[in-house]
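Worksheet: one structure, shown below.
Chain A is the first sequence line, chain B the second, and so forth, proteins listed ahead of strands; every chain is numbered from 1. Remember, predicted model here, so these are calculated numbers, not experimental data.
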Number of protein chains: 2
Amino acid sequence: MWGTPQPERADAARNRQLLLATARELLAEAGSDALTMDRLAERSGLGKGTVFRRFGSRAGIFQAVLDDNERTLQQEILTGPPPLGPGAPPVDRLIAYGSARIRFLAQNHEIARAAIDGRKQGGPRRPPLSEIHIRILLREIELPRADIDLLAGQLTFALEGPLLNQPFQSPGPNSPAPTKRFEAGWRYLVERVCSDAGAPPAPDDA
Amino acid sequence: MWGTPQPERADAARNRQLLLATARELLAEAGSDALTMDRLAERSGLGKGTVFRRFGSRAGIFQAVLDDNERTLQQEILTGPPPLGPGAPPVDRLIAYGSARIRFLAQNHEIARAAIDGRKQGGPRRPPLSEIHIRILLREIELPRADIDLLAGQLTFALEGPLLNQPFQSPGPNSPAPTKRFEAGWRYLVERVCSDAGAPPAPDDA
DNA sequence: CCCCTAAGCGGGGTAAAGTCCGCTTAGGTC
DNA sequence: GACCTAAGCGGACTTTACCCCGCTTAGGGG
């Protein structure tokens, strides 16, 4: 039930690309606030209904742009060299992934913020790729009596929350200082949580 | 510069109370979606401008209601019995606080979600009380080479994020099962992070 | 008791998200 | 190549958050 039931009509795909490109244009020209549905529709020469059909909501557009930007990072994780790619011990991969994710979110900061939306959600929430990857790595680590799924969610929020709630934004592709701090914090947290793979004596369990 | 520069005029205070009460009414009657600014203004017999002046935004209203509901919890933390109140070791207090916060957010789930708003924010973000309390407790724990301020932010998100992104909502004041899971997860995380107050050997530091 | 002024108030105005539904068209079938 | 149908499309419409700015009034000083 998951093999792209209908492969998306050719014109639809073309329009998606067009909208994505136009969205990037508007974004580059005037920032995320200037990216409105009306403007995007007009600029791309399509109807507003089409925009909503493709992306569901305003936040959806930002998510789509973000996902697209993330594509190369995905590749590095799946097939690149360690420690980001396969081959390194899972804890190292987890730390490396967090660092990469932090840097990615720092560039793309404005887009990432806009991709979060308060209003509008209903489904049981499909966890984002970030959480899924963290979950997979956690499973490879022997954590004694942990609720891995929950822990993955907790760590995902710990990783992304502080960064996305800062109003900061780096002007260029070089944002050296603040990113380093988050990377160090992530490393610290992961090392603490995964410190000894051997089970602690479990002092008591009421 | 922080001693309530102007103590708020009497009519303003009265209107704030009125609006808060009316908001609760609407909330109880028809849920958070039905609480619109127009409706709140009309129902309370005030102007729309007044509503915005008092609360700043739609999300502000939910925050105000939430803060008000939290007041009794605040008291227990400041002056109540341990481990929630003062007197217990900080790690125990931290675990107890998380449990209490989880239960609080589970009741109030709908309001808490509505209090988060994507749009609208500009200041350097004043950290919420939850984060401040966690930070204080962390400072009392001897964490070797930790960035306490950042760690407090991370833990706050780890605590609240997973809960607030679930669509669930308990019908009554009794939501036994799911809350327990979050409480256990929080306890696990805190115990891991604060496990041994003695510094680990620090394998290397590039 | 009157004045004065800054805080408070009102509600019409604007802009933007999201919905609806009838029309159009891609692309498979015979 | 004609037909058929489901997916796609458009853009007017509705709803709502939030802004603006002239009017009102609380409440302190003279």
Side-chain angles (χ1 to χ4, degrees), chain A residues 3-20 22-23 26-27 29-65 113-123, chain B residues 3-20 22-23 26-27 30-65 111 113-123:
Chain A
T4 27
Q6 294 303 97
E8 186 177 67
R9 239 164 66 174
D11 53 345
R14 206 179 326 124
N15 284 340
R16 149 171 280 125
Q17 288 311 118
L18 174 59
L19 285 169
L20 227 41
T22 310
L26 287 170
L27 229 31
E29 278 174 26
S32 61
D33 286 346
L35 178 42
T36 71
M37 303 309 256
D38 283 331
R39 202 120 56 184
L40 179 54
E42 190 192 26
R43 181 71 93 85
S44 64
L46 299 173
K48 204 164 27 150
T50 307
V51 180
F52 275 94
R53 163 170 286 262
R54 283 279 81 76
F55 298 106
S57 72
R58 183 183 135 92
I61 290 173
F62 291 99
Q63 275 163 20
V65 173
R113 290 194 72 161
I116 317 171
D117 200 286
R119 289 283 213 176
K120 200 83 193 164
Q121 69 236 66
Chain B
T4 28
Q6 294 303 99
E8 185 175 66
R9 239 163 69 174
D11 53 345
R14 208 179 325 121
N15 283 341
R16 147 170 283 124
Q17 287 312 120
L18 174 58
L19 285 169
L20 228 40
T22 311
L26 287 170
L27 230 31
S32 59
D33 286 346
L35 178 41
T36 72
M37 302 310 257
D38 283 335
R39 200 122 54 186
L40 178 55
E42 190 192 26
R43 181 71 93 88
S44 64
L46 298 173
K48 220 187 329 179
T50 307
V51 180
F52 275 95
R53 162 169 288 262
R54 284 279 80 79
F55 298 107
S57 71
R58 185 183 134 93
I61 291 174
F62 291 99
Q63 275 163 22
V65 172
I111 300 172
R113 292 195 72 165
I116 317 172
D117 198 286
R119 290 282 213 180
K120 201 77 187 172
Q121 70 234 68

| remark: With sequence neighbours left out, the residues meeting side-chain hydrogen bond (donor to acceptor under 3.5 Å, both in side chains) with B/Arg9 are B/Asp11

| task | Starting from C1' on D/dG10, measure out to CE on A/Met37 and report it in whole angstrom. | result | 14 Å

| remark: Closest non-hydrogen contact found for A/Ala115 with A/Ala59 is O-CB, 3.7 Å

| said: Strictly under 4.0 angstrom, non-hydrogen atoms only: write out the protein contact profile of nucleotides 25-30 of chain C, one letter per nucleotide from the 5' end, B, S or -. | reply: BSS---

| task | Specify the separation, in whole Å, of atom CG of B/Asp33 and atom P of D/dA17. | result | 10 Å

| request: Return the value, rounded to whole Å, for the distance between atom CG of B/Leu19 and atom C1' of C/dG8. | output: 13 Å

| message | Is B/Asn15 close enough to C/dC9 that one of its side-chain N or O atoms is under 4.0 Å from OP1 or OP2 there? | response | yes

| query | Atom CG of B/Leu18 and atom OG of B/Ser44: how far apart are they, to the nearest 0.5 Å? | reply | 5.0 Å

| request: Supply the atom-to-atom distance A/Thr22 OG1 to A/Glu42 CD, rounded to the nearest 0.5 angstrom. | output: 11.5 Å

| task | May I have the distance from A/Ile61 (atom CD1) to C/dA17 (atom C1'), rounded to whole angstrom? | result | 11 Å

| request: Report the residues that fulfil side-chain hydrogen bond (donor to acceptor under 3.5 Å, both in side chains) with B/Arg39, sequence neighbours left out, ordered by chain and then residue number. | output: none

| Partners meeting side-chain hydrogen bond (donor to acceptor under 3.5 Å, both in side chains) with B/Gln17 (sequence neighbours left out) | none

| Can you check the B/Phe55 CZ to C/dC9 P distance for me, whole Å? | 11 Å

| request: Would you mind reporting whether A/Ile61 and A/Leu19 have side-chain heavy atoms less than 4.5 Å apart? | output: no

| message | For a quick check of understanding: with a heavy-atom distance under 4.0 Å over all strands, which category does A/Arg54 fall into, base, sugar-phosphate or nothing? | response | sugar-phosphate

| Atom-pair distance (CG on B/Leu35; C1' on D/dT15), nearest Å | 15 Å

| From CG (B/Asn15) to CG (B/Leu46), nearest 0.5 Å | 4.5 Å

| Rounded to the nearest 0.5 Å, what separation is found between the CG atom of A/Leu20 and the CZ atom of A/Arg16? | 8.0 Å

| query | Given atom CZ of A/Arg58 and atom P of D/dT15, what is their separation to the nearest angstrom? | reply | 22 Å

| message | Could you measure the distance from the CD atom of A/Gln63 to the CZ atom of A/Phe55? Nearest 0.5 Å is fine. | response | 11.0 Å

| remark: In this structure, CD of A/Glu8 is separated from CZ of A/Arg54 (nearest 0.5 Å) by 5.0 Å

If you restrict it to nitrogen or oxygen atoms, what contacts under 3.5 Å exist between nucleotides 2-5 of chain C and the protein, and what is each distance?
none

| task | Scan residues 39-53 of chain B against DNA chain D and write down, sorted by residue number, each residue with any heavy atom closer than 4.0 Å; if none is found, say none. | result | B/Lys48, B/Phe52

